[in-house]
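The residues of the chain are indexed from 1 along the displayed sequence. Owing to the predicted nature of the structure, the values given are computational and were not obtained by experimental measurement.
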Amino acid sequence: MIDEIIKPDIAEALSAELSVKIQIKEAERIHGGDINETWRLRTNAGSWFLKLNDARRYPDMFLREQDGLEELRQTGHIGVPQPICHGRAGNRAFLVTEYLEKGTAANDFWENFAAAVAKLHQQTQPYFGLSAANYIGTIKQYNTPYSSWAVFYAFNRLLPLGRMAYDQHRLDKQMMQQLESICRRLPELFPDEPPALLHGDLWSGNFLVGTNGKAYIFDPAVYYGHREMDLAMTRLFGGFDTRFYYTYHAIRPLEAGWQQRIGLCQLYPLLVHLVLFGGNYYSDVKEILNGI
């Protein structure tokens, strides 16, 4: 059960945002995530989705997630749960969003999903990055702006995670040296493309089929980056249906050599998983480092 001490604070925040007195009638635990506690709140004004975490360790995590959801949602190109409110209740940080009911995929689900992601990636800005740091899982994700993708990827993604893994003794000295060598070669490895608005953590566990038969994406780690990052992420942990890739390529073809860059783009999320979970991700990272 949700701690009865924090329920009034969550209800009060919801009441203020919705301009109606909210009473939480039931809280049902939803399982599946590794990072946050997740709940379905049943109230006198309908159901809402609640996330909880440690406010002392991650005081701004849900603020940044709410910002990311809004950034994606405001494009109007893809389904995103509406963020309602975030705050602190005792030592718990919380985020409340729209509760998405699951539906059945339409016949053209994957084609629609690919077209939506392609449109999302057309959103651009003058620099790679974002106005503030945010999170991927519980790891701080730095978004210091750079005009060069290669510089951004090296200094905001690969090197910070590599050093973190090395300090945890999850990356050995040779692998760290390989990573540093790859970072020096990034300008020649990536083709030039404008910054694209990315979900940032677009794997099969971060979307669902809505009641309209279309995709809704959530749990973002938003920034403006190279669009191949999102597409490489979709190929991890089960991957998407092949119709997604055929349709995306038909709408926005990738630059030559994209197949050879999949591992390079997956290196970042795999380093994230190595830092968070250790285990088998060591061999995954090592294989990519040896292959680039």
Side-chain angles (χ1 to χ4, degrees), residues 10 13-14 16-19 22 30 33 35-36 38-41 43 45-53 60-87 93-103 105-106 109-125 127-137 141 143 194-225 227 229-231 233-234 240 244 248 251-252:
I10 296 170
L14 267 172
E17 189 62 35
L18 300 173
S19 300
I22 295 296
I30 301 172
I35 303 300
N36 304 294
T38 52
W39 301 78
R40 177 176 184 169
L41 299 180
T43 77
S47 290
W48 309 96
F49 183 74
L50 169 70
K51 283 183 163 185
L52 294 174
N53 213 313
D60 65 340
M61 183 164 68
F62 289 144
L63 165 63
R64 300 308 172 198
E65 182 170 343
Q66 178 166 300
D67 289 344
L69 289 169
E70 282 292 354
E71 186 97 18
L72 296 172
R73 193 169 170 272
Q74 286 174 10
T75 68
H77 294 317
I78 195 164
V80 180
Q82 180 181 358
I84 307 300
C85 60
H86 69 91
F94 67 85
L95 172 68
V96 181
T97 71
E98 172 187 7
Y99 184 84
L100 297 175
E101 298 283 357
K102 294 181 181 179
F109 170 81
W110 288 107
E111 291 83 356
N112 277 331
F113 194 2
V117 172
K119 289 178 183 177
L120 190 70
H121 289 169
Q122 289 176 328
Q123 303 296 307
T124 190
Q125 65 177 18
Y127 59 86
F128 296 94
L130 204 64
S131 59
N134 50 18
Y135 290 82
I136 182 162
Q141 181 171 259
N143 294 310
L197 178 58
L198 305 182
H199 174 279
D201 195 11
L202 192 59
W203 69 288
S204 59
N206 282 347
F207 80 84
L208 62 75
V209 182
T211 54
N212 60 359
K214 296 182 179 181
Y216 283 77
I217 57 176
F218 45 85
D219 289 352
V222 166
Y223 66 101
Y224 285 80
R227 63 195 174 109
M229 294 295 292
D230 262 358
L231 295 176
M233 187 71 204
T234 67
F240 286 17
F244 175 90
Y248 186 98
I251 296 170
R252 292 202 68 198

Under the salt bridge (Lys or Arg N to Asp or Glu O under 4.0 Å) test, which residues partner Asp230, sequence neighbours left out?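 Counting only residues at least two positions away or on another chain, Asp230 forms no salt bridge (Lys or Arg N to Asp or Glu O under 4.0 Å).
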
Quick one: list whatever passes ring-ring contact (aromatic ring centres under 6.0 Å, His included) with [X], sequence neighbours left out.
X: His121; value: Tyr248
X: Trp48; value: none
X: Phe244; value: Phe113, Phe240
X: Tyr224; value: none

List for me each residue that meets side chain to side chain donor-acceptor pair (under 3.5 Å) alongside [X], sequence neighbours excluded, and say none if there are none.
X: Gln82; result: none
X: Thr211; result: none
X: His86; result: none
X: Glu17; result: none

Are the charged groups of Glu101 and Arg40 less than 4.0 angstrom apart, N to O?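 Salt bridge: yes.
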
Qualifying salt bridge (charged side-chain N to carboxylate O under 4.0 Å, His left out) pairs with a residue from residues 209-221, counting only residues at least two apart or across chains: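 Found Lys51-Asp219.
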
Using residues 128-135 as the side-chain source, report each donor-acceptor pair under 3.5 Å to any protein atom, sequence neighbours left out, with the distance given to one decimal.
from, atom 1, to, atom 2, distance (Å)
Asn134, OD1, Gln141, NE2, 2.9
Asn134, OD1, Asn143, ND2, 3.1
Asn134, ND2, Val222, O, 2.7
Tyr135, OH, Asp60, OD1, 2.7

Would you say the ring centers of Trp203 and Phe218 fall short of 6.0 Å from each other?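 No.
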
Ala13: side chain to side chain contact (heavy atoms under 4.5 Å, CB included) partners, not counting sequence neighbours: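 Ala13: side chain to side chain contact (heavy atoms under 4.5 Å, CB included) contacts with Cys85, Phe94.
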
